[in-house]
Amino acid sequence: MSDRPDRDVSRRRFLQSATALGAAGIVFGEHLPPGYVPLGIEPQDPERIPGKDDLTVLGDRPLNAETPAHLLDDEVTPASRLFVRNNGNPPPADGIDPASWTLSLGGESLLRPASFTVAALREQFETVSLQLTIECGGNGRSEFNPPVTGNQWTVGAVGCPRWTGVRLRDVLEHCGIADDAVYVAYHAADTHLSGDPAKEPISRGVPIAKALEAESLIAWAINDEPLPWHNGHPLRLVIGGWPASTSGKWLTRVDVRDRVHDGAKMTGSSYRVPKVPVQPGSEVPDEDMAIIESMPVKSLVTFPRSGVTQPLGEEFEVRGHAWAGDLEVAELHVSIDFGANWQPAELRRPVNRLAWQRWRHRLRFPQVGYYEVWARAVDSQGRSQPMVVPGWNPKGYLNNACHRIAVQVTD
Ligand SMILES: Nc1nc2c(c(=O)[nH]1)N[C@H]1C(S)=C(S)[C@@H](COP(=O)(O)O)O[C@H]1N2
Ligand SMILES: [Mo]
């Protein structure tokens, strides 16, 4: 990446148009090894991710980008503000034809294997639209100590758009689910970073019970528009409330398995955490790790932006969202004194199951000076967000510590 910042805009524009042309625009493009990403093809500046709005780029090969908290203030996350997490090379945009894209269904425990175009899915099954929260299992990773490797997400690998598609359940039931079904697995069209066509970048899934929930979708639209390329165009799974790694993008195949799926990033330390808490920095043998299922209770302050200046005596509106994996959020509390006292905030019910919930609160500050506003959610089973970073784990998953913003109160 060191040779990149000095590259001038026109050259980058040229490379962008080369992206649109695919390998055909690149001299000697016929020699590119399969899966190889040419330097400069992936956008590098936040404003340069096509269709995205000021996301913070954490890495550009492959592209990984998160949304600053204050840009997540919309109740329904716009596609332009939905984070991007890529494990491999996305299928080239110009090679995706939504009209001929096919989803195959199979696996040991599916009775009648079948395949569907996107149009056939729309015709044969009921279309549903739901607002569903997806959050990367590694959101918040940057706060772990000792540090762990991987994308250093702060708070913005989360979003809650309105997704449209069909229920995974309806399609699986149409094909027939055998009694010994255990897990539902996805396969996708992105390619492994090594370029090895025999390897998949990621192929995960969920237990059959989660797959059969009414909210588990095969989606083609976000907020009534086709999925953005980086978010899985033209078809993806959306598994609300679970690590977003279960929401396979560029979906080509779904298998019903008679065992826990053993695809790429299902094993070892990927998307798994120690079964019992470990001392920070420990090495944990694979057999002592368990697959992450529902995400923990969490919240964000999305308004105002951290660092705001506020005149003393004026009312101060603070607001955000809260979510709790498979559960609902029951309470949201706000503190302006570093957690010594908590004030209950107004908290709305979700618009549908597995959607995040709007909270808001009006505050007054007692004197001029520097404050932090902390928000803390409690789920329907009474579990609260911690104020400090919880359970260290080797890959840095499930950090649900309270979010906070800085406020300077002036005369
Ligand atoms: N095919 C495919 N699906 C994928 C991924 C991927 O790299 N390839 N990344 C997963 C991970 S780890 C996350 S967090 C979510 C991110 O979804 P988004 O990029 O639409 O925000 O997609 C998941 N689905
Ligand atoms: Mo993720």
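Note that ligands are numbered from 1 as they come in the structure, with each ligand's atoms numbered from 1 the same way. Because the structure is predicted, anything quoted here is derived from the model rather than measured.
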Q: Flag the pair Glu200 and Lys265 as a salt bridge only when some basic side-chain nitrogen lies within less than 4.0 angstrom of an acidic carboxylate oxygen.
A: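 Salt bridge between Glu200 and Lys265, a charged N being under 4.0 Å from a carboxylate O: no.
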Q: Verify the distance criterion only: is there a donor paired with an acceptor across the side chains of Asn139 and Arg141 at less than 3.5 Å?
A: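 No - no donor-acceptor pair under 3.5 Å links their side chains.
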Q: Return the residue, atom name and 0.1 Å-rounded distance of the protein heavy atom closest to atom 17 (O) of ligand 1.
A: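 Here the closest protein heavy atom is Arg236 NH2, 3.2 Å.
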Q: Number the atoms of ligand 1 from 1 as they appear, then name those within less than 4.0 Å of a heavy atom of Gly248, with their elements.
A: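 Close to Gly248: 3 (N), 24 (N).
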Q: Which word best sums up how the rings of Phe365 and Tyr371 line up, parallel for under 30°, tilted for 30 to 60°, or perpendicular for over 60°?
A: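 Geometry flag for Tyr371 against Phe365: tilted rings.
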Q: For Asp97, look at atom CG and say whether over 12 heavy atoms of other residues, nucleotides or ligands are found less than 6.0 Å away.
A: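 Correct, the count exceeds 12.
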Q: Please tell me if the side chains of Ile222 and Trp163 come closer than 4.5 Å, counting only heavy atoms from C-beta onward.
A: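 Yes; the side chains approach each other to less than 4.5 Å.
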Q: Please check if the distance between the ring centroids of His174 and Phe125 is under 6.0 Å.
A: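 Aromatic pair counts; centres sit under 6.0 Å.
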Q: What protein heavy atom sits nearest atom 3 (N) of ligand 1, and how far away is it?
A: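 Protein heavy atom at minimum distance: Lys249 N, 2.9 Å.
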Q: Hey, is Asp73 close enough to Arg319 for a salt bridge, meaning N to O under 4.0 Å?
A: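 Salt bridge flag = yes for Arg319 with Asp73.
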Q: Just need the protein heavy atom nearest to atom 23 (C) of ligand 1, so name the residue and atom and give the distance.
A: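 Here the nearest protein heavy atom works out to Ala244 O, 3.2 Å.
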Q: Would you mind checking if Asp53 and Arg81 are paired as a salt bridge, meaning a charged N to carboxylate O distance below 4.0 Å?
A: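 Looking at Asp53 together with Arg81, the answer is yes, because their closest N to O distance falls below 4.0 Å.
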Q: Identify, for atom 8 (N) of ligand 1, the protein heavy atom at the shortest distance, and state residue, atom and that distance.
A: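 Protein heavy atom at minimum distance: Asp190 OD2, 2.6 Å.
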Q: Which atoms of ligand 1 are found less than 4.0 Å from any heavy atom of Cys136?
A: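 Contacts of ligand 1 toward Cys136, numbered from 1: 14 (S).
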Q: Report yes if some N/O of Arg85 lies less than 3.5 Å from some N/O of ligand 1; otherwise report no.
A: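 There is such a contact, yes.
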Q: May I ask you to list the atoms of ligand 1 that are less than 4.0 angstrom from any heavy atom of Asn231?
A: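 Checking each atom against Asn231, I get 18 (P), 19 (O), 20 (O), 21 (O).
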Q: Hey, is Pro201 one of the residues with a heavy atom under 4.0 angstrom from ligand 1?
A: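 No.
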Q: Got the closest protein heavy atom to atom 11 (C) of ligand 1, with its distance?
A: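 Checking every protein heavy atom, the shortest distance to atom 11 (C) of ligand 1 gives Ser245 CA, 3.5 Å.
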Q: For atom 21 (O) of ligand 1, grab the closest protein heavy atom and report residue, atom and distance to one decimal in Å.
A: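 Residue, atom and distance for the closest contact: Phe83 O, 2.6 Å.
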Q: Does the residue Gly232 have a heavy-atom contact with ligand 1, meaning some pair of atoms that are separated by less than 4.0 Å?
A: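 Judged by the 4.0 Å heavy-atom criterion, Gly232 does not count as contacting ligand 1.
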Q: Starting from atom 9 (N) of ligand 1, what is the nearest protein heavy atom, named by residue and atom, and what distance separates them?
A: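 Scanning the protein heavy atoms, the shortest distance from atom 9 (N) of ligand 1 goes to Asn87 ND2, 3.1 Å.
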Q: Using a strict 4.0 Å cut-off to heavy atoms of Ser247, name the atoms of ligand 1 that fall inside it.
A: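 Close to Ser247: 22 (O), 23 (C), 24 (N).
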Q: Can we say Arg353 and Glu213 salt-bridge, meaning some charged N sits less than 4.0 Å from an Asp/Glu carboxylate O?
A: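 Salt bridge flag = yes for Glu213 with Arg353.
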Q: Taking heavy atoms and a distance under 4.0 Å, where does Ala188 meet ligand 1: side chain, backbone, both or neither?
A: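 For Ala188, the contact with ligand 1 is made by the side chain alone.
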Q: One pair to check against side chain to side chain contact (heavy atoms under 4.5 Å, CB included): Val84 and Val57. What are the steps and the verdict?
A: CA-CA 9 Å; Val84 176; Val57 175; over 6 Å; no
Q: For Ile202, counting its heavy atoms only, list the atoms of ligand 1 lying under 4.0 Å from any of them.
A: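 Result: 2 (C), 5 (C), 6 (C), 7 (O), 8 (N).
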Q: For ligand 1, which atoms sit closer than 4.0 Å to a heavy atom of Asn86?
A: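 The atoms of ligand 1 under 4.0 Å from a heavy atom of Asn86 are 7 (O).
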Q: Where is the nearest protein heavy atom to atom 12 (S) of ligand 1: which residue, which atom, and how far?
A: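 Checking every protein heavy atom, the shortest distance to atom 12 (S) of ligand 1 gives Tyr271 OH, 3.0 Å.
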Q: Parallel, tilted or perpendicular, judged at 30° and 60°: which one describes the rings of Trp342 and Trp374?
A: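 Tilted.
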